[in-house]
Structures are given as structure tokens and as C-alpha cells.
Amino acid sequence: MSVRVRFAPSPTGYLHIGGLRTALYNYLFAKNQGGKFILRIEDTDRSRFVENAMEGLIEILNWAGILFDEGPGVGGDYGPYIQSERLEIYKKHANLLLEKGNAYYAFDTSEELEAMRKKLQEKGLNPKYDRKTMKNQFTLSETEVKQRLNSDEPYVVRLLVPDNYKVHFNDIIRGDITVDSSEIDDQVLLKSDGYPTYHLANVVDDYLMKITHVIRGEEWLPSTPKHILLYEAFGWDLPKFAHLPLLLNKDRSKLSKRQGDVAVEDYRQKGYFKEAIINFVALLGWNPTGDREIYDFQELIDSFKLEKVNKGGAVFDIEKLNWMNFQYLMKKDTKELAIQFKTILIGKGYPEFSNDYLEKVIKVHRERVTFLHQILDFCPYMFQKPEKFDKEYFEKYWKDYSLAILKELLIKYSKIDNFVHDDLHKATLETASERGLKLKDIIHPLRLVITGRSAGAGMFETMEILGKNECLSRIQYFIDNYEKNTLVF
RNA sequence: GGCGCAUUCGUCUAGCGGUUAGGACGCCGGCCUCUCACGCCGGUAACACGGGUUCGAGUCCCGUAUGCGCUACCA
């Protein structure tokens with residue numbers, strides 16, 4: 001039987017970074033097994049429905065490269081893939097359970113349920129539905145039940161959990177788990193608004209969509225026994241289960257909005273590469289060997305093993321993500337980066353530079369930043385003439401002979417036809433030794449003149465990229481303003 | 001409260017009965033150097049605790065502690 005897995009988000013907002021990892025693990029597993037990855041939208045809670053959330057989810061999944069084989073928009077043989085379009089299917093299955101005696105009608109109001117729970121809790125008991133005292137098929141007469149059903153009176157369908165029964169299942173990640181049925185609540189299956197709850201819809205759809213492996217977050221582990229009971233009631237074979245460890249905040253609570261960004265979109269906006277995010281998130285809770293960090297998408301697919309997924313939760317450490325982003329910044333093709341960077345520059349109102357120029361700038365500056373867009377902050381002087389000069393740097397390295405040297409260099413540089421690193425280096429070194437100075441005695445003032453700053457890439461490679469005209473013009477500008485005492489610091 | 005799941009350096013992890021407990025991020029130091037970085041070299045730091053089982057336990061079993069999750073007509 002070929003592997004089929006699904007990612008089943010609820011369209012209640014943006015895609016959470018934890019959701020991304022769940023989707024990713026499903027995807028990696030499917031592709032590793034030569035199976036299918038399905039997207040199913042679980043929009044059975046009308047009160048939490050967010051307009052366009054589904055579109056956002058799909059968009060960001062596509063961006064990340066987690067492409068689904070079946071789902072909204074792409075179709076498939078087991079649709080529809082949006083649960084609100086499958087209401088009749090759930091109703092039919094709820095009726096099936098009703099007929100088989102595995103489910104029953106209940107008529108309690110939310111106030112009555114609340115009062116019941118409060119009472120049980122005060123007694124220190126498990127606050128689960130008390131079938132024997134509440135308003136339902138078992139406590140009401142047959143005629144009253146019929147009457148209520150025929151009237152407009154709201155009702156729900158609940159799962160009849162058998163007494164004295166041990167529910168067993170095996171989790172690929174956690175092993176055998178057994179729960180006593182006395183711990184399991186008579187879960188509502190069909191809500192009074194006619195929509196199914198997660199539990200019913202999920203089980204029915206997983207079965208009908210021929211899902212072979214249910215890979216989901218650990219928060220679902222406690223309700224899995226309910227699902228097992230449902231499969232058994234229907235007489236269906238169980239899929240395999242794998243419950244993933246949670247992603248955690250620094251304080252080890254479940255990853256949440258309060259302590260930093262959780263939306264994948266936020267990270268995209270900040271300039272993280274999708275490759276870095278995927279690589280990083282994949283390694284939170286799973287590692288093929290433990291002695292390697294960088295894996296491309298295909299390598300992740302090839303080495304993915306559900307059995308190797310960890311049991312314990314993993315803290316989301318932004319420092320390591322940053323490091324990983326840097327790794328990809330260094331690794332990526334500069335042609336691709338130049339195109340991205342051009343968009344960034346234009347967005348900030350800069351004129352259009354040639355791809356060739358941008359590539360050169362990126363090549364020498366990327367090792368100094370974490371994000372591509374930071375190159376602009378690091379060396380704005382590569383895109384416009386410096387107008388302000390670092391005062392501290394000036395005071396530290398500007399000597400009484402510096403102006404004379406600058407004038408000499410201006411002449412010397414103007415005679416260099418091939419304005420490249422080696423020739424610039426040679427010419428400057430010459431000037432230095434003629435005056436009994438060290439190269440750095442000249443380079444520092446020169447850096448100030450050319451860039452206005454103390455930090456930057458190698459001086460001569462910077463000058464080579466800027467070009468002869470630009471460099472000469474900057475030196476001239478500095479000399480003029482220095483002599484007129486109009487330099488701005 | 002009840003039930004469940006978990007627990008190796010600060011963080012992500014390797015380990016699947018015998019290891020000087022390995023790698024990575026971060027941090028610290030050094031080298032390189034025209035600055036800032038990159039890079040390279042080195043250092044820091046962990047098996048939650050207590051009992052078993054065993055010749056031998058981070059690895060297996062049982063407790064305890066701690067953390068997290070669930071306990072809805074939310075997913």
C-alpha cells in the first residue's frame with residue numbers, strides 16, 4: 001500500500017512555525033517513501049474561521065517548497081479537501097454510529113454542561129460527560145427523544161465510550177500506549193450547528209482519503225484513544241500514528257506569539273531564506289547523524305526517518321537559525337542573490353545597478369552580514385557617495401601628512417589604466433615605502449575618504465568594484481572639502 | 001486535581017550495555033589581518049535525582065522530582 005499522509009491545518013490565521021515543521025515532516029516522509037502528501041483544510045469551527053487564511057497557508061507552503069499532491073486548488077481523487085464542503089459525509093457517518101449503537105443523542109445546554117463539570121471538579125473527579133445524569137438518549141424516554149429531534153431543539157451526537165475497555169495503540173515515535181476507557185470522555189462528534197468536531201471529521205477523512213500515516217503534533221496524543229475508538233466502531237483498520245514533539249519557547253513553554261515571531265511569514269519578511277528555515281526546522285527534533293548541520297531539501301528527503309524523530313520538545317533558538325541563514329547566504333549563487341538584492345535596493349528607492357556590479361558587491365560583503373538586505377546597511381557607500389565621515393576614525397588615523405599623500409595618490413591612481421586590486425596595492429605600497437610608512441598608515445585614511453566608515457571589505461577590492469572614476473572623484477571631493485573645511489562628520 | 005508524554009553541555013543534538021560521552025550554535029582565548037568580518041586552532045560546558053537488573057548503565061526496569069501537553073458543541 002502506497003504511503004499517503006496529510007497536513008490538516010485549521011484556517012484560523014497565519015502558518016505557525018510549528019505547523020510548518022509538521023507539514024515538512026509529513027512531506028519529507030511522503031517523498032522519502034514515494035508517497036503522496038495531501039493538504040486538507042479543517043474549517044469545522046465557524047467561530048474561528050479567518051477569511052483568506054487558507055490562501056495564506058497555501059501561499060506560504062508553496063513558498064517554502066512544500067508542495068501538495070492533492071488538496072484545494074490542485075484537486076485529487078478523494079476530494080473535496082475542505083471539510084466544510086463535506087458536511088453530508090460526516091452526517092452520514094454519525095448516523096452510521098447512531099445505528100450501530102456507538103453514538104447517541106444528547107440535548108444538554110452549555111450551562112448545564114458547565115455546571116456538571118464544576119460539580120465533578122469540586123469533588124476531585126475527572127470532569128467528563130456524565131451519561132447517566134445528563135439529558136440524553138439514555139435518561140430521556142424514547143418519545144421525548146423523538147420529539148426533541150423533530151422539533152427545532154438543538155442536539156449533539158456523542159461517542160458512546162465503552163466501559164471497562166483498554167485502548168491500545170502504537171505510536172511510531174513513542175511506542176505502545178494504553179489508556180483505560182474510563183479516562184475517555186463521551187466526545188461530541190456532531191455539533192448542534194451540524195458541523196462535525198475535529199475528532200469525527202478527522203477520522204472519517206483520514207479513512208476516506210486513505211491516509212496511511214497520521215503525523216501530527218504531540219498535543220493530539222491525549223485524544224488519539226478517542227480516534228482509535230472511532231476507527232473500531234466503524235470497523236476500519238487503523239492508520240499508523242506518529243506524534244511529533246512540540247516546539248518550545250526559550251522558557252520551554254509551547255512556542256507562542258508572546259515570545260517572538262511564530263508566523264513563517266514573519267521570518268520570510270525578515271529576510272530569512274526558505275532553505276535556511278526548512279533546514280533549521282527539520283533539525284528541530286530530528287537529526288540523521290548528529291555531526292552535520294547543512295542539508296539541502298533533497299538530502300532531507302533522502303535521509304528522513306520517522307523512527308529517528310526525538311520524543312522531547314525542542315527550543316527554537318534564533319541564534320542558530322541566524323547562523324544557518326548565513327551559511328546559505330555564503331552558499332547561494334551570487335547571480336540569484338543579485339536579482340534579489342536588486343529588488344531590495346529598488347524598494348528602498350535606489351537607482352538600478354547592474355547585476356554584474358551587485359554580484360561583485362555581494363561577493364565581498366556577504367561574509368560580513370547575516371541577511372542579504374544587511375549588505376545595504378553595511379556598505380551604503382557602494383551605492384552612493386559618502387557624505388558623512390566617521391569622526392573617531394578620522395581623529396585616530398588622520399595625520400598631518402595625510403592630505404599630501406591623498407594628493408599624491410590622486411595623481412598616481414589616475415595613471416593606473418587597469419584599476420584592479422593588485423595594481424592598486426602595488427601603487428599604494430610604493431607610496432608608503434617612499435615615505436617610510438606602513439601600508440596601513442595610508443589605507444586607514446584612504447578608507448575614510450572612500451567609504452566614510454571604519455569597517456568594510458578589503459580596501460583595494462572595494463576600490464576595484466567602485467571603479468576608477470568613482471574613486472578619484474571621492475578623493476577629490478574629500479580634498480576639496482577638507483581644504484574648505486566643509487567636511488561633514 | 002486527573003490522565004498522558006517527556007528529561008544528554010545555556011540551546012539543537014549523536015549515542016541504541018563497555019566511549020577520554022562526539023558534533024553544531026552561543027560564549028571565551030589565540031592565529032590570520034588595512035578595518036569589520038570570514039576562515040583556522042584551542043577552550044568552556046551535559047547524561048535531573050534515587051533505587052534496582054548486570055561483571056559493567058547515559059543506554060534496560062521501577063520510583064521521585066521537574067517540565068510540557070490534554071482535560072470544550074477549538075483545532
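Only heavy atoms go into these numbers, but all of them, side chains included; no hydrogens, no water, no symmetry mates.
Using a 4.0 Å heavy-atom criterion, one finds that A:Leu221 contacts the sugar-phosphate atoms exclusively. Across all strands shown, A:Ala457 has heavy atoms under 4.0 Å from base atoms, whether or not it also approaches the sugar-phosphate. Note on A:Gly285: only backbone sugar-phosphate atoms sit closer than 4.0 angstrom, heavy atoms only; bases stay farther off. Among the heavy atoms of the strands lying under 4.0 Å from A:Lys320 is at least one base atom, whether or not backbone atoms are also near. If you check every strand for non-hydrogen atoms under 4.0 Å, A:Phe316 touches nothing. Across all strands shown, A:Gly456 has heavy atoms under 4.0 Å from base atoms, whether or not it also approaches the sugar-phosphate.
A straight line from NZ of A:Lys311 to C1' of B:rC5 spans 11 Å, rounded to a whole angstrom. In this structure, the CZ atom of A:Arg216 is 15 Å from the P atom of B:rC5, given to the nearest Å. In this structure, A:Leu125 places its CG atom 11 Å from P of B:rG2, rounding to the nearest Å. Distance CE (A:Met459) to P (B:rU35): 13 Å, rounded to an integer number of Å. In this entry the distance linking CG of A:Asn310 with P of B:rA14 reads 5 Å, nearest Å. Rounded to whole Å, the distance from CG on A:Leu244 to C1' on B:rC5 is 13 Å. Atom pair A:Leu321:CG and B:rA24:P shows a separation of 19 Å (rounding to whole Å applied). Rounded to whole Å, the distance from CD1 on A:Ile442 to C1' on B:rC34 is 11 Å.
A salt bridge links A:Glu430 and A:Lys412; the closest N-O separation between the charged side-chain nitrogens and carboxylate oxygens is under 4.0 Å. Between A:Lys360 and A:Glu464 there is no salt bridge, since no side-chain nitrogen of the basic residue lies less than 4.0 Å from a carboxylate oxygen of the acidic one. Ion pairing of A:Glu275 with A:Lys332 is present here, as a side-chain N (NZ or NE/NH1/NH2) and a carboxylate O approach within less than 4.0 Å. Under the 4.0 Å criterion applied to side-chain N and carboxylate O atoms, A:Lys119 and A:Asp130 are not assigned as salt-bridge partners. The residues A:Asp206 and A:Arg40 are annotated as salt-bridged, a charged nitrogen and a carboxylate oxygen being separated by less than 4.0 angstrom. The pair A:Glu461-A:Lys363 fails the salt-bridge criterion, with no side-chain N (NZ, NE, NH1 or NH2) lying under 4.0 Å from an Asp/Glu carboxylate O.
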Output one line per pair: protein atom, nucleotide atom from nucleotides 38-42 of chain B, and distance, for all N/O pairs under 3.5 Å.
none

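A donor-acceptor pair under 3.5 Å links the side-chain atoms of A:Arg474 to the main chain of A:Ile450, judged by distance alone. Listed for the A:His365 side chain is a donor-acceptor partner under 3.5 Å among the backbone atoms of A:Val361. Although no hydrogens or angles enter the test, the distance criterion places a donor-acceptor pair under 3.5 Å between the side chain of A:Asn325 and the main chain of A:Phe273. Judged by distance alone, the side chain of A:Arg158 and the main-chain N or O of A:Asp186 form a donor-acceptor pair under 3.5 Å.
Searching all strands for a Watson-Crick or G-U wobble partner of B:rU53 with both distances below 3.5 Å returns nothing. With both pairing distances under 3.5 Å, B:rC70 is matched to B:rG2 as a Watson-Crick or G-U wobble pair. Nucleotide B:rA21 forms no Watson-Crick or G-U wobble pair with any nucleotide shown, as no partner meets the under 3.5 Å limit on both distances. Under the Watson-Crick or G-U wobble criterion, with both distances below 3.5 Å, B:rU59 is left unpaired in every strand shown. Pair check for B:rC31 finds B:rG39; Watson-Crick or G-U wobble, both atom distances under 3.5 Å. Pairing of B:rA45, defined by two Watson-Crick or G-U wobble distances under 3.5 Å, is not identified with any nucleotide. B:rC9 is unpaired under the Watson-Crick or G-U wobble criterion, no partner having all donor-acceptor distances under 3.5 Å.
Of the two residues contacting RNA chain B, namely A:Glu319 and A:Thr289, the nearest-nucleotide position lying further toward the 5' end is that of A:Thr289. Heavy-atom distances to RNA chain B give each of A:Ile177 and A:Ala314 a nearest nucleotide, and the one nearer the 5′ end belongs to A:Ile177.
Comparing the C1' positions of B:rU8 and B:rU19 gives an interatomic distance of 14 Å, to the nearest angstrom. Comparing the C1' positions of B:rA21 and B:rA57 gives a spacing of 13 Å, expressed to the nearest Å. Rounded to the nearest Å, the gap between the C1' atom of B:rA6 and that of B:rU13 is 16 Å. Comparing the same atom, C1', in B:rU20 and in B:rG10 gives a spacing of 24 Å after rounding to whole Å. B:rG26 sits 12 Å from B:rC9 when the C1' atoms are compared, rounded to a whole Å. Taking the P atoms as reference points, B:rC73 lies 31 Å from B:rU66, given to the whole Å. Taking atom C1' in both B:rC62 and B:rG42, one finds a spacing of 44 Å when rounded to whole Å. For B:rC60 and B:rG15, the P atoms lie 12 Å apart once the distance is rounded to whole Å.
Checked against B:rC12, B:rC5, B:rA14, the side chain of A:Arg174 finds its nearest nucleotide in B:rC5. Looking at the side chain of A:Arg447, the nearest of the listed nucleotides B:rA6, B:rA14, B:rC34 is B:rC34.
Side-chain contact of A:Asn136 with A:Tyr129: a donor-acceptor pair under 3.5 Å is present, judged by distance alone.
A:Phe280 does not carry A:Lys320 over the face of its six-membered ring by the limits of under 6.0 Å from the centre and within 45° of the normal.
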Readout for nucleotides 57-75 of chain B: B = base within 4.0 Å of protein heavy atom, S = sugar-phosphate only, - = neither; 5' to 3' it is -----------SSS-SBBB
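Glycosidic conformation of B:rC38: syn, with the torsion inside 90° of 0.
Between A:Lys308 and the phosphate of B:rG15, there is a side-chain N or O to OP1/OP2 separation shorter than 4.0 Å.
In this structure, A:Tyr267 and A:Ile318 have side chains that are in contact, with non-hydrogen atoms separated by less than 4.5 Å.
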